[in-house]
Amino acid sequence: MAEKSTIVLFSGDLDKAIAAFIIANGAAAYDHEVTIFFTFWGLNTLRKDEIVKTNKGLLEKAFGWMMPRGAKRLGLSKMNFAGLGPQMIKHVMKKNNALSLPQLIELAQEQGVRLVACTMTMDLLGLKQEELIDGLEYAGVAAYLGDASNGKVNLFI
């Protein structure tokens, strides 16, 4: 029976999302069954880059305008420097042949990492399934707790 690992990605910071996916991909490479549960600002990692037409109220639209749209637009937790910090990190990663966050997400999906979007938070922030990348699962906290209760490693990022 495979070991199980879960990660709650609460943060919408680029560096924290990269760390979550590096850990998830490493665990999957060691044959762990891995689930990443995306909630609150972590959901921005899963947003599509392009604008998706949806039928939303004013408050839901405002959240959409204020939040970064996708993995390519996340800021850093430290040294963001009005958006210059993420560009510097991306440059250093490319220079050192490290995978970008979109590539890490794709690798995780290829390795069977379960990417689960929190439906309650989606409702609170006005996010619709069609605004998120393909290949996701949608569930609430009970589903996460079910996975975490069987997990050997449970992380909150």
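Both backbone and side-chain heavy atoms feed into the values below; hydrogens, waters and symmetry mates do not.
Under a hydrophobic-cluster definition in which Ile, Leu, Val, Met, Phe, Trp and Tyr are linked whenever side-chain heavy atoms come within less than 4.5 Å, directly or via other members, Met79 and Leu14 are assigned to different clusters. By the rule that hydrophobic residues join a cluster once side-chain heavy atoms approach within less than 4.5 Å of another member, Leu59 and Leu43 end up as members of one cluster. Hydrophobic cluster membership differs between Ile89 and Leu84, with clusters built from Ile, Leu, Val, Met, Phe, Trp and Tyr side chains linked at under 4.5 angstrom. Clustering ILVMFWY residues whenever any of their side-chain heavy atoms sit less than 4.5 angstrom apart, transitively, puts Ile22 in a cluster other than the one holding Tyr30.
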(request) Determine, step by step, whether Leu101 and Phe21 satisfy the side-chain contact (heavy atoms from CB on, under 4.5 Å) criterion, reporting the C-alpha distance in whole Å, the side-chain angles of both residues, the deciding distance to 0.1 Å, and the verdict. (result) CA-CA 8 Å; Leu101 180 54; Phe21 275 95; 3.7 Å; yes
(request) Check the pair Gln111, Val34 against side-chain contact (heavy atoms from CB on, under 4.5 Å), reporting the backbone distance first and the verdict last. (result) CA-CA 9 Å; Gln111 291 195 94; Val34 182; over 6 Å; no
(request) Would you sort out whether Leu132 and Met122 count as a side-chain contact (heavy atoms from CB on, under 4.5 Å), showing the intermediate values? (result) CA-CA 10 Å; Leu132 303 181; Met122 288 176 64; 3.8 Å; yes
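Separating the CE atom in Met66 from the CG atom in Leu125 is a distance of 9.5 Å, to the nearest 0.5 Å. Summarising the geometry, atom CD belonging to Glu106 is positioned 7.5 Å from atom CD belonging to Gln109; distances are rounded to the nearest 0.5 Å. Of the inter-residue distances, the one linking Asp13 atom CG with Thr45 atom OG1 reads 9.0 Å to the nearest 0.5 angstrom. Ile18 contributes atom CD1, which lies 11.5 Å from atom CD1 of Ile157 (distance to the nearest 0.5 angstrom). Between the CD1 atom of Ile7 and the CG atom of Leu155 there is a distance of 5.5 Å, given to the nearest 0.5 Å. In this structure, the separation between CE on Met88 and CG on Asn80 is 10.5 Å, given to the nearest 0.5 Å.
Thr35 and Asp147 share a side-chain donor-acceptor pair at under 3.5 Å.
Counting heavy atoms from C-beta on, the side chains of Phe81 and Leu76 never come closer than 4.5 Å. Counting heavy atoms from C-beta outward, Thr6 and Phe37 have side chains that stay 4.5 Å or more apart. The closest side-chain heavy-atom distance from Asn150 to Glu33 is not below 4.5 Å.
Heavy atoms only, all atoms of each residue included: Ala24 and Ile36 are closest at CB-CD1, 3.6 Å. Here the shortest heavy-atom pairing between Lys16 and Ser11 reads CD-OG, 3.3 Å. Closest approach of Gly70 and Asp49 over heavy atoms only: CA-OD1, 3.9 Å. The two residues Leu46 and Ala117 come nearest to each other via the heavy atoms CD1-CB, 4.3 Å. The shortest heavy-atom contact between Pro102 and Lys72 is CG-CG, 3.8 Å. Of all non-hydrogen atoms in Gln103 and Ala98, the two that sit nearest each other are OE1-O, 4.4 Å.
Shown here is Lys94, whose NZ atom has no more than 12 heavy atoms of other residues, nucleotides or ligands within 6.0 Å. Within a 6.0 Å sphere centred on NZ of Lys152, other residues, nucleotides and ligands contribute 12 heavy atoms or fewer. Few gaps surround OH on Tyr138; more than 12 heavy atoms of other groups in view lie less than 6.0 Å from it.
Under the side chain to side chain contact (heavy atoms under 4.5 Å, CB included) test applied with Val52, the options Glu131, Arg69, Lys128, Arg47 reduce to a single match, Glu131.
Judged purely by atom type and a 3.5 angstrom limit, Asn44 has no side-chain atom pairing as donor or acceptor with the backbone of Leu74.
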